[in-house]
Each structure stands twice: as structure tokens, then as C-alpha cells.
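Both counts, for ligands and for their atoms, begin at 1 and track the order of listing. All heavy atoms count here, side chains included; hydrogens, waters and symmetry mates do not.
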Amino acid sequence: MFRKDFKWGCATAATQIEGAYLEDGKVLSNWDERCRKGLINNKDNCFIACDSYHRYHEDILLLKKLGANAYRFSIAWPRIIKDKKGSVNKKGLAHYHKVIDDCLKHGIEPFITLYHWDHPLFIDKDGAWSNADIVKHFIRYVDVVVKEFAPKVKHFITINEIPCILDGLGHIETQSDAVPIKRYKNSKSHLIVLRHLLLAHGHAMKIIHKYHAFGGIAPNSVACVPVSKSKKDIDAARKAYFDIVKDDVYAISIFNDPIILGRFPKRYFEVYSDKERPVFTKKDLSVISEPLDFYCQNIYVSRYIKSDGKGGYIDIGYSKKIKSGYIDWNRVTPDALYWGVKFLSERYKLPIYISENGFSLDDHLLKNKIHDKERSNFISKYLRELKKASEEHIDIRGYFYWSLLDNFEWFKGYGPRFGIVYVDYKTLKRYPKDSYFTYQNIIKHNGRNL
Ligand code: NOJ
């Protein structure tokens, strides 16, 4: 069973759906610039995207028809702040008031992401997350936004997917290197980026509390699943999930522990030398560990772990036989949701939302319909696993499918389609796919029919 007040929703992000890249006083973003430079697959760009800036009402009606009671979307920083002095663009604020009011009118609770990888180009030009100044710019932006919307919005999510930012998204100009650390000079320089992200998050949490709202963060992770139900494999999977491997930007305890537990894990000190680790003062740590009110997890996939028989673990990845979506990492491993939330809730003891989970395909419109059975199956299977966790009294508060609409998939452009609603990028018309109706039916029964 899911809680009676379970939040059923979909997630999107400003750059991926809004378009209107030069409208109503918006300044250029890091992504507009990448598009202008032709760095996106197929030379795609985010200038129009799904045109949700103008069609947000249609999108909210789609959510309403779906039966959703929550919508996770992000605010575009470049719509709000015009320059380095922090001057505010009132038209940008007015736009999001309209979106929020429309959600509330239809019984849909907004979950606002403050940073989903887009920032003003003038910040990017100064080095984005590698320059400490970004923290003070972020504080200004968050203060403006939360002050403005906290009277209407309860839930704010500070930063989306720290690991992917470290990997280059929202930060570095291309993602062509297979190994993230190659994008940095050395370990120290990627840990400095992490330091700025942690401080930005902590200050944002303090601001959220100052205005009496609730805050969380939404990292991603690849869940570790034990190959058997034996205690030693389960312990090994838990160990792997929270382990830190040098220069692996996808390790989660390196940021979750300081944020939630107020200290770095032992492994951090074993893996990185004194010279590599940036200085964190007591005061920094107290900012960073401003208590979270909830924890969001973006989770799509798992890797399989077995015990090495000596108290360690062997990471066996996932079998190549496991089906993937349009994007290779997008494997169908539903047990990610059960084991992911189980381990996270044991360690961090916070209410959990699945803030993203979804499946990419190369959908084609057929007589105005999309028969995306694989996506329907994906949703049902993953939600069954989440339900299992909920039935074991793990505090799961909600699930946001990624994404409501097909949209601009960053460097990959418009190739992969994750939506439960198809977007015809020529006409911008929306077509609910079969999976939309599958999800609608699950929501209608609060998951009892899974
Ligand atoms: C994670 C990101 O938050 C989102 O922006 C992206 O489109 C999806 N995953 C799919 O890759």
C-alpha cells in the first residue's frame, strides 16, 4: 500500500521544456550558449523546446487529467536574475506565479527545483561551479525566488543531481570524455566544485527555512542490488552503495553524508589526501548540514553486487542481457527502486520522494497514437518494487515520473523520448501515449492495482 496522501506526479526542467529563450527579459543561459556553439547532438537547440513557456496551461491540464496531485518543475535562474549585481527580472517572477497558480487551482502541488543545470551565461563565463563566486550569486537568486513563492509553495528542491553536475552537465562545455575526471585538472579541482555545490545547497536550505518552507535535495544514484538474499550479499550491496572510489563522481555518500549527517564518511579521508581535500571549516559544515525536511532521489537503474567473502564487495554491473531504452544506461532494473530506497532510508532516516524515474524510447506517432508498451511495463514494474518498500514501512512520500513530456535531453538533443506525452516538435502538439493511460490507472487506484 502507498500512503493515502501519496504524491503522484511527473517531473520536468526549465531548459528542457520551456523554450522562449529570449523572451520577457530572460538572459542567455549556459545551455543557450552551448546550443549556439553547435555542441548538441544533431545540432539541436533548446530555443523552442516544447514551448511550455507559452503552453504551460495545456501541460498542467494534462497533469490534471492524469490524476496527478504534484508537479516537479524547475525555475530558470536566467529568467530571474539579470546581471552580476543581482537585479531582478519581474517578468520572470510573474511567469512562474502564473504556473504555480494554475497548478494550485487544479489541486496540483508544485515541487520547485531551484537549480536544474541552467544558470546565466555571465556566471558560466566566470567558471560556473569552479568559481566560489557562484555561491553568492546562488544565494541571491534563491532568496529572491523563495521569498516570492514560499507563501504559495511548500516544497523546494535545492539542486538536481550533484553527480551529473560534477560529470559536466551544467558545468563544463562538452560531455565527450568517457571518464569525468579527465575533464578536471586533478582530484582537487573536482572536489572544489563539490565544495561550492555543498555550500550553495546549505545556504539555499537556510533560506528555505527562513521563509518557512520545506526543503530537500535531488541527487541521482545507481542503486546497488544484492545478487542474493543472503546477509553477506546484502551487506556487500549496502557497502558498495555508500562506498567512495577515487574520482568516481557518482559516489553518493561524499555529499549525502555531510549534508545529512554533518560529516564526511571515513572513506573520503582514506581515498583523498590532505592536499586533495579542500578545507571545510566547522562553520561550512554547519551551513552544509542545515537539516533536510525530505530527501529526493532520482533513480533509474541498478548495478548488481556480491560479497567477496572477506567483508568487501564485487561489483558485477548489470548483465548485457538486460534491456535498455534509447539511452544505453537506461536499463530495465526495477529492483533499483526497492533496494535504493531501503538502503537510503536506513542510513539517512528521512522521508523519501522518488523525484525522477523514467524510460527513453524512439517513439513514432501512428495514427495520432503511441503504443509504448515497454514504457508502460517499466512504470508498472518499478512501482511494484516501490510499493514493496512502502509495505515494509519505509517512509516513501511520492513518485515523479520523468518526464511529463518528451523534451530536450541535454547534449543528446531531441533523440531520446522519455515522456508519457509525445511532443511533435514541428507542430508542438501533445499526444498522450499509452503509458500515460497506464500511469493514470495506477494513480486512480493509488497503486492498489499494481
Ligand atoms: C536526469 C535529469 O535530471 C534530467 O534532466 C534528464 O533529462 C533525465 N535524468 C534523463 O536523462
How are the rings of Tyr141 and Trp77 set relative to one another: parallel (under 30°), tilted (30 to 60°) or perpendicular (over 60°)? parallel
Looking only at heavy atoms of Lys412, does any of them come nearer than 4.0 Å to an atom of ligand 1? no
Between Phe359 and Phe378, what is the ring plane arrangement, given parallel below 30°, perpendicular above 60°, and tilted in between? parallel
Atom 7 (O) of ligand 1 has as its nearest protein heavy atom Glu409 OE1, 2.6 Å
Counting both backbone and side chain atoms, is some N or O of Asn407 under 3.5 Å from an N or O of ligand 1? no
Between Tyr353 and Tyr295, is the ring centroid distance below 6.0 Å? no
Distance-only N or O hit between ligand 1 and Trp329, under 3.5 Å: no
Give yes if a backbone or side-chain nitrogen or oxygen of Glu356 is under 3.5 Å from a nitrogen or oxygen of ligand 1, and no if not. yes
Between Phe6 and Trp8, does the ring centre distance come in under 6.0 Å? yes
Logged contact type for Asn160 with ligand 1, heavy-atom cut-off 4.0 Å, is side chain
Can you name the atoms of ligand 1, numbered from 1 with element, that are less than 4.0 Å from a heavy atom of Glu161? 1 (C), 2 (C), 3 (O)
Would Arg397 and Phe294 count as a cation-pi pair here, with the cationic atom under 6.0 angstrom from the ring centre and within 45° of the axis? no
Of Asn160, Thr15, Thr12, which meets side-chain hydrogen bond (donor to acceptor under 3.5 Å, both in side chains) against His116? Asn160
Ligand 1 versus Phe359, non-hydrogen atoms closer than 4.0 Å: side chain, backbone, both, neither? neither
